[in-house]
Student: 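Mind looking over this structure? Questions follow.
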Amino acid sequence: MSKDIAYHYEDKSRNKLVAAYLLTGGLVIGLMMVFGILMLLNQGGILNLSPATFYQFLTIHGTGMIGAAALAAAGLMWYFLGQYVQLSKKIFVWNLVLFIIAVVMVIVGIFSFEYASAWTFLYPLPALSANAWGTIGALLYLVGMLVLGTGFLLLYIDTGRAIIRKYGSLTKGLGWDILFGKKDVKDAPPKAVIASTMVTIVNTTAIIAGAIVLIMNIINVINPSFTFDPLLAKNLTYAFGHVFANAIIYMAVIVVYELLPKYANRPWGVSKLFLVAWTCSTIFTLVIYTHHMLMDPVMPRWMLIMGQVLSYANGLPVLVVTAYGALMVVYKSGIKWDMASRLAYLSMFGWVIGVVPAIIDATIVVNHVMHNTKWVPGHFHMYMGVGAVVMLFSFMYYLAKVDSDVQDTMLDKIGFFCYAIAMFSISIQFLVSGAISTPRRWATHFPEWMGPAQFGAIAGVFAVIGTLIFVIHFIRYMKNRGTAGSDMYEKKLA
Ligand code: HEM
Ligand SMILES: [Cu+2]
């Protein structure tokens, strides 16, 4: 084999693993949507689930969605980052294996042992459930989460190692030597590397915080006389949950960076502003979890003020440079629209409008009224459902295009409109519920709160249909992997 062919062969075997990540993610997301619909049917008064069942569904839905989206996003990031640095295939496989073990433990804990603390497992709820669940359910869930975290931690240690090896340090991966004038901006790391560096930094921190609080919870469940400071526990829990959930979109956005320049046949260079934006978001993402503590008046006041002020600024720098860059790259480029590029564009739209309700909610005055209403799921279903998850779907179509001869069909187009309209409707339905003061995480609603939930349940069916169409296209790709594909793959553009 010539060197070229050997390289190509290695590439293709990597694609197989990446596809396994995306397929697992896509299937779990589709399945979790079904639990979302069941919850809405119950809240809408159409189904009559026991409260215990509702909270089990809430727990599996939240855990499953965040876990699956993070897994698929990690696969996406690994695919692109691997084109610039040398990553370990073994660790990539291990993360998937640990993920699957974790999923089984969590599912058994929830459905066989009735564990239902929601995915936030806020201390001391895992141990103090008023007998709603026992020790075994709690242990299965908590240890499962620990196993999941371990897999991701291994993965980020490897991405960190690989970035340091190639670029010298993580700060250089973020382009600090350019910001400090030691290097020209034309020698900046590629955008995929910058984003991966950010995620490596924030998620390593998040997972370590999460592991500490999980272990403390586990000890507390086994031996309730071991207790710890609930405020510290809450801080650690949200330092994990907020950051880990947020990092999904920072991994997924890499597809937008890599895809649009190729499609528009135009370079999308790194600017100093771009570097500043990613550094800001790295820092903000780590410190603003305190916006989950605005209802805890015992927190140091400066932390809450910081949490509020920086929450306004959190995603904005990266969002602005990305949205603006995306518009500039595409503007008058004669770009060819297909499923992948269409989804990439939709995801930018979902991200932009999904951030607006979050900014409103991050205001303390509004937060006191809105925080425990469905306004909050309204914001994150928009930016996750119409933003981050759509980036994952975009990548699935992209991979199918560059690595097979499977074509987009009319059905895929129908799936696109089905999904876009449905997921948008679901988000709006939550926001309307929030605006009429419907509390979040309530199994049962008053009749005047039921309308939006019923509407959302119907929309949910179309979201599932859209997702199924995307996944079926992807399975068709997996069966035809390596059949030529388009020449897009070889095209090198910044
Ligand atoms: C068909 C699509 C979907 C439907 C019908 C749906 C429905 C729901 C419902 C009814 C809730 C509970 C709301 C409440 O607090 O009363 C919820 C919570 C949640 N959903 Fe979804 N959802 C969908 C898609 C998604 C997606 C795509 C994601 C993320 C990738 C997601 C992530 C979450 C999370 C993290 C929670 C919070 C769970 C908690 O409060 O502990 N959902 N969803
Ligand atoms: Cu948050």
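Quick caveat: nothing in here was measured; it's all calculated off a predicted structure. Numbers here are sequence positions counted from 1. In each ligand, atom 1 is the first atom listed, and ligand 1 is the first ligand listed.
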Student: Can the ring centres of Y383 and H379 be said to be less than 6.0 Å apart?
Tutor: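 Between H379 and Y383, which both carry aromatic rings, the centre distance is below 6.0 Å.
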Student: In plain terms, say whether K401 and D338 are close enough for a salt bridge, that is, a side-chain N and a carboxylate O under 4.0 Å apart.
Tutor: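 Counted as a salt bridge, because a side-chain N and a carboxylate O are separated by less than 4.0 Å.
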Student: For ligand 1, indicate whether the residue M384 contacts it via side chain, backbone, both or neither (heavy-atom separation under 4.0 Å).
Tutor: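 The side chain, only.
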Student: For atom 11 (C) of ligand 1, find the nearest protein heavy atom and state the residue, atom name and distance (0.1 Å precision).
Tutor: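 For this ligand atom, the closest protein heavy atom is M39 CE, 3.7 Å.
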Student: Does the ring centre of F416 sit less than 6.0 Å away from the ring centre of F470?
Tutor: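 No, they do not, as the ring centres are separated by 6.0 Å or more.
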Student: Enumerate the atoms of ligand 1 whose separation from the nearest heavy atom of I37 is less than 4.0 angstrom.
Tutor: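 So the atoms of ligand 1 that pass are 5 (C).
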Student: For ligand 1, which atoms, with element, lie under 4.0 Å from some heavy atom of K374?
Tutor: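 Checking each atom against K374, I get 16 (O).
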Student: Going by the angle between their ring planes, with limits at 30° and 60°, are H242 and H291 parallel, tilted or perpendicular?
Tutor: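 Rings of H242 and H291: perpendicular, over 60°.
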Student: Mind checking whether F121 and F240 have parallel, tilted or perpendicular rings, split at 30° and 60°?
Tutor: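 Plane angle between 30° and 60°, so tilted.
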Student: Identify the protein heavy atom lying closest to atom 41 (O) of ligand 1, giving its residue, its atom name and the separation to 0.1 Å.
Tutor: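 Closest protein heavy atom to atom 41 (O) of ligand 1: R441 NH2, 2.8 Å.
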Student: For atom 7 (C) of ligand 1, what's the nearest protein heavy-atom neighbour? Residue, atom name and distance, please.
Tutor: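 Atom 7 (C) of ligand 1 sits closest to the protein heavy atom G36 CA, 3.5 Å.
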Student: May I ask whether T120 has any heavy atom positioned less than 4.0 angstrom from an atom of ligand 1?
Tutor: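 It does not; every heavy atom stays at 4.0 Å or beyond.
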Student: Distance under 4.0 Å to a non-hydrogen atom of A118: what atoms of ligand 1 satisfy this?
Tutor: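 Once the distances to A118 are compared, the set is 41 (O).
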Student: More than 12 heavy atoms of other residues, nucleotides or ligands under 6.0 Å from CG of L286: yes or no?
Tutor: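 Counting neighbours around CG of L286, more than 12 heavy atoms of other residues, nucleotides or ligands fall under 6.0 Å, so yes.
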Student: Is it true that Y419 and F393 have ring centroids separated by less than 6.0 Å?
Tutor: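 Centroid separation for Y419 and F393: below 6.0 Å.
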Student: Identify, by atom number and element, the atoms of ligand 1 in contact range of L40, meaning under 4.0 Å from any of its heavy atoms.
Tutor: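 Those of ligand 1 that fall under 4.0 Å from L40 are 5 (C), 10 (C).
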Student: In terms of atom number and element, which parts of ligand 1 are under 4.0 angstrom from non-hydrogen atoms of M423?
Tutor: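 Going through ligand 1 atom by atom, the ones under 4.0 Å from M423 are 24 (C).
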Student: Run the numbers for me: atoms of ligand 1, each under 4.0 Å from some heavy atom of A463, listed by number.
Tutor: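 Listed by number with element: 1 (C).
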Student: Check F113 against W133 and note the closest heavy-atom contact, atom names and distance.
Tutor: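 Minimum heavy-atom separation between F113 and W133: O-CB, 3.5 Å.
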Student: In H381, what N, O or S atom is nearest to atom 21 (Fe) of ligand 1, if we give its atom name?
Tutor: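 Relative to atom 21 (Fe) of ligand 1, the closest nitrogen, oxygen or sulfur of H381 carries the name NE2.
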Student: Given the side-chain rings of F395 and Y79, with only the six-membered ring counted for Trp, is the space between their centroids under 6.0 Å?
Tutor: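 Yes: the rings meet the under 6.0 Å criterion.
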Student: Test of understanding: given a 4.0 Å heavy-atom threshold, classify the contact between T59 and ligand 1 as side chain, backbone, both, or neither.
Tutor: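 Answer for T59: neither.
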Student: Does the ring center of F80 lie less than 6.0 Å from the ring center of Y257?
Tutor: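 So the answer is no for these two rings.
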Student: Less than 6.0 angstrom separating the ring centers of F474 and Y477, yes or no?
Tutor: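 Ring-ring flag for F474/Y477: true, centres closer than 6.0 Å.
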Student: Nearest to the Cu ion (ligand 2), which N, O or S atom of H242 do we find?
Tutor: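 In H242, the heteroatom (N, O or S) nearest the Cu ion (ligand 2) is ND1.
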Student: Between F111 and F35, does the ring centre distance come in under 6.0 Å?
Tutor: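 Yes, close enough.
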Student: Among protein heavy atoms, which lies nearest atom 34 (C) of ligand 1, and at what distance?
Tutor: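 The closest heavy atom on the protein side is F380 CE1, 3.3 Å.
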Student: Is the ring pair F152/F244 parallel, tilted or perpendicular, if the boundaries are 30 and 60 degrees?
Tutor: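 If you compare the ring of F152 with that of F244, the planes turn out perpendicular.
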Student: List ligand 1 atoms under 4.0 Å from V389, heavy atoms only on the residue side.
Tutor: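 In order of number, 30 (C).
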Student: Can you confirm whether or not the ring centre of W78 sits under 6.0 Å from the ring centre of Y21?
Tutor: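 Aromatic pair excluded; centres sit 6.0 Å or further apart.
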Student: With the Cu ion (ligand 2) as the point of reference, which N/O/S atom of H292 is the closest?
Tutor: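 For H292, the N/O/S atom sitting closest to the Cu ion (ligand 2) is NE2.
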Student: Pick, from Q43, H61, M33, the option with the minimum heavy-atom distance to atom 6 (C) of ligand 1.
Tutor: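 Ranked by closest heavy atom to atom 6 (C) of ligand 1, first place is H61.
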Student: Give the residue, atom name and distance (to 0.1 Å) of the protein heavy atom nearest atom 12 (C) of ligand 1.
Tutor: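 Going atom by atom, the protein heavy atom closest to atom 12 (C) of ligand 1 ends up being L58 CD1, 3.6 Å.
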Student: Can you check which of F430, F121, W442 brings a heavy atom nearest to atom 8 (C) of ligand 1?
Tutor: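 Nearest heavy atom to atom 8 (C) of ligand 1 lies in F430.
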Student: Which heavy atom of the protein is the closest neighbour of atom 29 (C) of ligand 1, given with residue, atom name and distance?
Tutor: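 Looking only at protein heavy atoms, the one closest to atom 29 (C) of ligand 1 is M65 CB, 3.6 Å.
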Student: Should you measure from each heavy atom of W119, which atoms of ligand 1 turn up under 4.0 Å away?
Tutor: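 With W119 as reference, the close atoms of ligand 1 come out as 41 (O).
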Student: To which of T438, L122, I426 does the heavy atom nearest atom 2 (C) of ligand 1 belong?
Tutor: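 Closest candidate by heavy-atom distance is I426.
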